[in-house]
Chemist: 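Okay, here's the structure, questions in a sec.
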Amino acid sequence: MSTNAPEMSIELSERINKLEASATLAMAAKARELRAEGKDIIGLSLGEPDFNTPDFIKEAAIQAVNDNYNSYTPVDGYVELKSAIITKFKRDNNLAYEPSQIVVSTGAKQALYNVAQVCLNDGDEVILPCPYWVSYSDIVKLAGGVPVEVKTSIENDFKMTADQLESAITPKTKMIWYSSPCNPSGSIYSKEELRALADVLKKYPEIIVVSDEIYEHINYVGGHASMAQFEDMYDRTVTVNGVAKAFAMTGWRIGYIGAPTTIARACNKIQGQVTSGANCIAQRAVITALEAPVSNIQYMVDEFKNRRKLILNLLAEIPGFECNEPEGAFYVFPDVSYYFGKTLKGNTINNASDFSMFLLENANVATVTGDAFGNGNCIRISYAASNEQIIEATKRIKEAVS
Ligand code: PMP
Ligand code: GLU
């Protein structure tokens with residue numbers, strides 16, 4: 001059939017029509033498109049380490065290919081991988097899980113999707129402290145859930161307080177989702193702060209917590225705390241993690257959960273119908289990644305820490321960029337509301353989306369609007385980029401807004 005033939009009109013589902021496209025991936029695609037047109041775009045939109053996957057992990061993958069790991073894996077992951085995950089949870093988080101509580105998925109994103117699908121009924125409310133990671137609200141909505149945004153402030157380091165949590169709870173609250181270290185704010189909940197939230201939840205034993213710890217190792221202040229470490233929270237917390245960020249393995253697509261057995265079994269059931277499990281070679285490589293000492297990846301964390309300092313210093317020289325000091329992950333989340341209502345190079349800036357688009361078009365720098373993370377005053381800038389790119393991008397931004 002000719003590719004020029006007019007496409008018949010296809011009516012898509014209401015479900016997909018209501019879904020927002022991922023703003024992070026959309027911006028990365030736009031930057032790629034502009035680059036293909038010959039524009040010199042600096043991409044600071046995507047949260048993706050700019051390192052190569054460490055050699056010792058690549059070698060494990062090559063070995064797995066040569067050892068003929070080519071069949072379907074157990075739906076919830078290889079026994080050896082689940083065992084490595086259990087050891088990791090014990091070693092890094094002092095969390096004890098049984099194999100029946102672990103499910104390996106195609107990225108932490110699918111792990112989150114599974115959990116939403118198996119826990120939520122139509123109309124169930126999910127509390128999302130803002131800013132939250134871009135996909136949370138749409139993953140919740142796809143499962144019929146209703147995101148309930150809790151606004152936080154830069155003064156409180158973008159963290160939800162116990163009082164705010166208490167006020168957001170209604171009889172329909174089913175879950176709370178957060179990431180710590182947080183994408184996009186870089187904030188980290190201390191053990192005491194998590195305890196204060198857990199104290200509120202004592203009164204609501206039916207509420208399930210999703211603790212997304214994918215940036216666990218990208219921590220510049222030390223002291224990672226997990227909600228499941230509290231005895232009274234363990235039975236209703238899903239701990240989500242993955243290898244994308246810490247091991248520079250975004251494209252390998254492996255994430256996992258440690259969860260109450262009922263939830264883990266349900267996630268296994270959904271994967272059995274939807275994916276049959278995660279990629280076999282990537283799973284073998286992740287066994288090696290997780291069994292290695294964390295010190296093997298410290299060089300990347302050290303580098304991110306240097307870049308954090310660099311970008312904070314450079315942004316401090318630009319008027320109207322108000323930043324908190326991120327304690328982890330590799331993003332800065334400046335409040336740029338100073339520019340709202342102003343005209344820059346003939347463009348009226350009404351909101352963070354306008355500002356992010358202005359930077360793309362006038363500074364050739366790709367960032368992501370804070371609206372996508374539930375905070376319309378900010379933009380997100382990823383500093384998982386080289387020093388040269390950070391220096392050049394901030395120079396261009398400074399020139400564009402002056
Ligand atoms: N959670 C957070 C907070 C993230 O930033 C990301 C970004 N990748 C994910 C989950 C998804 O991770 P993965 O690439 O393993 O799907
Ligand atoms: N998590 C990364 C980000 O926030 C990757 C993009 C995505 O998965 O949406 O940029």
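Indexing begins at 1, ligand by ligand and atom by atom, following the structure's order. Each residue takes its place number in the sequence, starting with 1. Keep in mind the model is a prediction, meaning the values are calculated, not measured.
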Chemist: Quick one: which ligand 1 atoms are inside 4.0 Å of a heavy atom on Tyr215?
Modeler: 3 (C), 4 (C), 5 (O)
Chemist: Using a strict cut-off of under 4.0 Å between a residue heavy atom and any atom of ligand 2, list the qualifying protein residues by chain and number.
Modeler: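 Within the 4.0 Å shell of ligand 2, which is judged on heavy atoms, sit Ser22, Thr24, Leu25, Leu46, Gly47, Lys109, Trp133, Asn183, Lys245, Tyr331, Arg380.
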Chemist: For the ring pair Phe330 and Tyr215, is the centre-to-centre distance below 6.0 Å?
Modeler: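 So the answer is yes for these two rings.
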Chemist: If you measure every N or O of Thr250 against every N or O of ligand 1, does any of those distances drop under 3.5 Å?
Modeler: no
Chemist: Tell me if the centroids of the rings in Phe304 and Tyr220 come within less than 6.0 Å of each other.
Modeler: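 For Phe304 and Tyr220, the ring centres are not under 6.0 Å apart.
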Chemist: Centroid separation under 6.0 Å, is that true for the rings of Phe333 and Phe158?
Modeler: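 Yes, ring centres under 6.0 Å apart.
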Chemist: Return yes or no for this condition: an N or O of Tyr136 is under 3.5 Å from an N or O of ligand 1.
Modeler: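 N/O-N/O distance under 3.5 Å: no.
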Chemist: Just checking, any donor-acceptor pair under 3.5 angstrom between side chains of Glu213 and Ser226?
Modeler: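 Indeed, the side chains of Glu213 and Ser226 share at least one donor-acceptor pair under 3.5 Å.
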Chemist: Around atom 8 (N) of ligand 1, find the nearest protein heavy atom and jot down its residue, atom name and distance.
Modeler: Lys245 NZ, 2.8 Å
Chemist: Could you tell me whether Arg308 sits above the aromatic face of Tyr383, with NZ or CZ closer than 6.0 angstrom to the six-membered ring centre and within 45 degrees of the axis?
Modeler: no
Chemist: To the nearest 0.5 Å, what is the distance between CD (Glu193) and CD1 (Ile188)?
Modeler: 10.0 Å
Chemist: Taking 4.0 angstrom as the limit, do Glu206 and Arg236 come out as a salt bridge?
Modeler: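 So Glu206 does not pair with Arg236 through a salt bridge.
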Chemist: Quick check on Gly107 - does any of its heavy atoms sit under 4.0 Å from an atom of ligand 1?
Modeler: yes
Chemist: Mind checking whether Tyr136 and Phe373 have ring centres under 6.0 Å apart?
Modeler: no
Chemist: Can you find an N or O of Lys109 that's nearer than 3.5 Å to an N or O of ligand 1?
Modeler: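 Indeed, backbone or side chain, Lys109 has an N or O that close.
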Chemist: Which atoms of ligand 1 sit under 4.0 Å from any heavy atom of Ala244?
Modeler: 14 (O), 15 (O)
Chemist: Side chain or backbone, does Ser179 bring an N or O within less than 3.5 Å of an N or O on ligand 1?
Modeler: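 Not met; the criterion fails.
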Chemist: So which protein heavy atom does atom 1 (N) of ligand 1 come closest to, and at what separation?
Modeler: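 For atom 1 (N) of ligand 1, the nearest protein heavy atom is Asp212 OD2, 2.6 Å.
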Chemist: Check whether any side-chain heavy atom of Met227 sits under 4.5 Å from a side-chain heavy atom of Tyr178, and report yes or no.
Modeler: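 In contact.
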Chemist: Please list the nearest protein heavy atom to atom 11 (C) of ligand 1 with its residue and the distance rounded to 0.1 Å.
Modeler: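 So the nearest neighbour among protein heavy atoms is Trp133 CH2, 3.5 Å.
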Chemist: Hey, which atoms in ligand 1 end up nearer than 4.0 Å to a heavy atom of Asn183?
Modeler: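 Under 4.0 Å from Asn183, ligand 1 has these atoms: 3 (C), 4 (C), 5 (O).
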Chemist: Can a non-hydrogen atom of Ile214 be found less than 4.0 Å from any atom of ligand 1?
Modeler: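 Yes, Ile214 has a heavy atom closer than 4.0 Å to ligand 1.
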Chemist: One thing to verify: whether Lys269 and Asp76 come together as a salt bridge, which I'm taking to mean a side-chain N less than 4.0 angstrom from a carboxylate O.
Modeler: no
Chemist: If you measure from atom 14 (O) of ligand 1 to every heavy atom of Gln110, Glu48, Met249, Arg253, which option wins on shortest distance?
Modeler: Arg253
Chemist: Quick one: do Asp232 and Arg195 make a salt bridge, cutoff under 4.0 Å?
Modeler: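 Salt bridge flag = yes for Arg195 with Asp232.
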Chemist: Distance to the ring centre below 6.0 angstrom and angle to the axis at most 45 degrees; does that hold for Lys342 and Phe340?
Modeler: no
Chemist: Starting from atom 15 (O) of ligand 1, locate the nearest protein heavy atom and write down its residue, its atom name and how far away it is, to 0.1 Å.
Modeler: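 I find the closest protein heavy atom is Ala108 N, 2.8 Å.
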Chemist: Check this for me, if you would: do Lys395 and Glu392 make a salt bridge, where the nitrogen-to-carboxylate-oxygen distance has to be below 4.0 angstrom?
Modeler: yes
